[in-house]
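Single-structure report; data block below.
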Protein chains: 2
Amino acid sequence: MPAKRPPVPLSRERIIDAALHIADSQGLRRLTMRRLGDALEVEAMAIYHHLPRGKEALMDALAEHVTAVQVEAAPTWQETAKAWCRASREALRDHPGVLALALTKPPKGATTLAIREQVEQLTDAGLPGAAEAVRTMRAFVFGSVAVEVQQSGWADPEVDTWTRRDVQADADFERGLAALIKGLQI
Amino acid sequence: MPAKRPPVPLSRERIIDAALHIADSQGLRRLTMRRLGDALEVEAMAIYHHLPRGKEALMDALAEHVTAVQVEAAPTWQETAKAWCRASREALRDHPGVLALALTKPPKGATTLAIREQVEQLTDAGLPGAAEAVRTMRAFVFGSVAVEVQQSGWADPEVDTWTRRDVQADADFERGLAALIKGLQI
DNA sequence: ACCTGAACACCGTTCAAGT
DNA sequence: ACCTGAACACCGTTCAAGT
């Protein structure tokens, strides 16, 4: 006899993980409360107990998950900045299904904190005008990932082709990153 | 007696205009076929006659509308490139409601043609590697607009605050654009 | 505290029917 | 050719009820 309902309790974290999986594999438009409930072996209404504002809260949480990036402070601000850009890019690339949310929703909660922390790290490491620098870095990462994901054909018809890493995109990113860092230190 | 039903016929163009207005003023999630029908004083089902693939086709058309940008060839490739970046930015800024689609949907139809034309213009004007240059330019524009619209607070609660031009964003954009063009000519 | 069932208003889309 | 009405399957969310 198969174990009927293992008493793994629902949690905010499990909900977000399942939601990310659906969005990345089937697209954001197919992420519905009912389907999310199915994936968690629970009725859709149970989700509201953990995310009181419902789907709106879920969307916010998904955006935050791929967008609240932290990084250890490196010896120089240049290295810290590079590490942050690379980590941010990876986080966004890993979840193309919620990229539209991440690029579009205003920073909130954990994301705002992460941005603030990054500004402080760079300031402490001796970079003047770190707030503007972080804005420029975010724009660079956002644009790079958007173009890369678009090009990869992560779209409605075929989701299969999104597996191989794009070496061209990697090279472009690193080249642009080096130029950006150089431009910042004037 | 008020004119009941002026025989202005439905058309693809009128549908797209009305859809952009709804998306920009109320957000993409409130753009529904039924609401769109109401705005056009028509039953929702009438839309399917002009956009056979329904909402999917509508979304594609909206993305194309803000993304298929053309520009006259200027004397130098530098000026052409700048004009193209500025025009692309304006088109995206004008319709924050469909920005998520524009940054996320793979180029199609008119957008693909516009990109191809831009590559040719730059190549003809003497820029080697124009295809990569256009990718870099698109990434720059996408990232800039994403950060700007995020910062502007164009979001769920208050849509009012999106009226004043952000001079800071303008300056950032022009500074980045100059650096980008300079980086391209190596 | 945590989850379910039933219900409500709304959604995209079809299809036959009207003009 | 162009639009409507009715219908279907699905959606987000509420609320009272169960345990």
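Chain A is the first sequence line, chain B the second, and so forth, proteins listed ahead of strands; every chain is numbered from 1. Note that the structure is predicted; figures quoted are calculated from it, not measured.
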Closest contact, heavy atoms only, Q150(A) versus P107(B):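 That would be OE1-CD, 3.6 Å.
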Residue of the set M137(B), R138(B), Q70(B) for which side-chain contact (heavy atoms from CB on, under 4.5 Å) holds with Q118(B):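 For Q118(B), the side-chain contact (heavy atoms from CB on, under 4.5 Å) test succeeds with only one of M137(B), R138(B), Q70(B), which is M137(B).
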Integer-rounded Å distance: [N] [atom2] and [X] [atom1]:
| X | N | atom1 | atom2 | value |
| --- | --- | --- | --- | --- |
| E43(A) | dT13(D) | CD | C1' | 14 Å |
| R35(A) | dC11(C) | CZ | C1' | 14 Å |
| L36(A) | dC3(C) | CG | C1' | 15 Å |
| M33(A) | dC10(C) | CE | C1' | 16 Å |
| E41(B) | dC2(D) | CD | C1' | 17 Å |
| L28(B) | dC11(C) | CG | P | 14 Å |
| M59(B) | dC11(C) | CE | C1' | 12 Å |
| K55(A) | dC11(C) | NZ | P | 14 Å |

R86(A): partners by salt bridge (charged side-chain N to carboxylate O under 4.0 Å, His left out), with sequence neighbours left out: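 In terms of salt bridge (charged side-chain N to carboxylate O under 4.0 Å, His left out), with neighbours along the sequence ignored, R86(A) is linked to E174(A).
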Pairing annotation in dot-bracket form, given for DNA chain C with Watson-Crick or G-U pairs under 3.5 Å and | for cross-strand partners: ||.|||||...|||||.||
Other residues, nucleotides, ligands: >12 heavy atoms within 6.0 Å of H21(A) NE2: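 Open.
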More than 12 heavy atoms from other groups under 6.0 Å of CD on Q185(A):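 Yes.
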Test side chain to side chain contact (heavy atoms under 4.5 Å, CB included) applied to Q151(B) and R135(A), step by step: CA-CA 10 Å; Q151(B) 219 91 20; R135(A) 285 223 324 203; 3.7 Å; yes
Residue met sooner reading DNA chain C from 5', once R29(A) and A44(A) are mapped to nucleotides: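 With R29(A) and A44(A) compared, the 5'-side residue is A44(A).
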Straight-line distance of L20(B) CG to I15(B) CD1, nearest 0.5 Å: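 It is 12.0 Å, given to the nearest 0.5 Å.
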Those residues of residues 45-54 of chain A lying under 4.0 Å from DNA chain D by at least one heavy atom: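 Only M45(A), Y48(A), G54(A) qualify.
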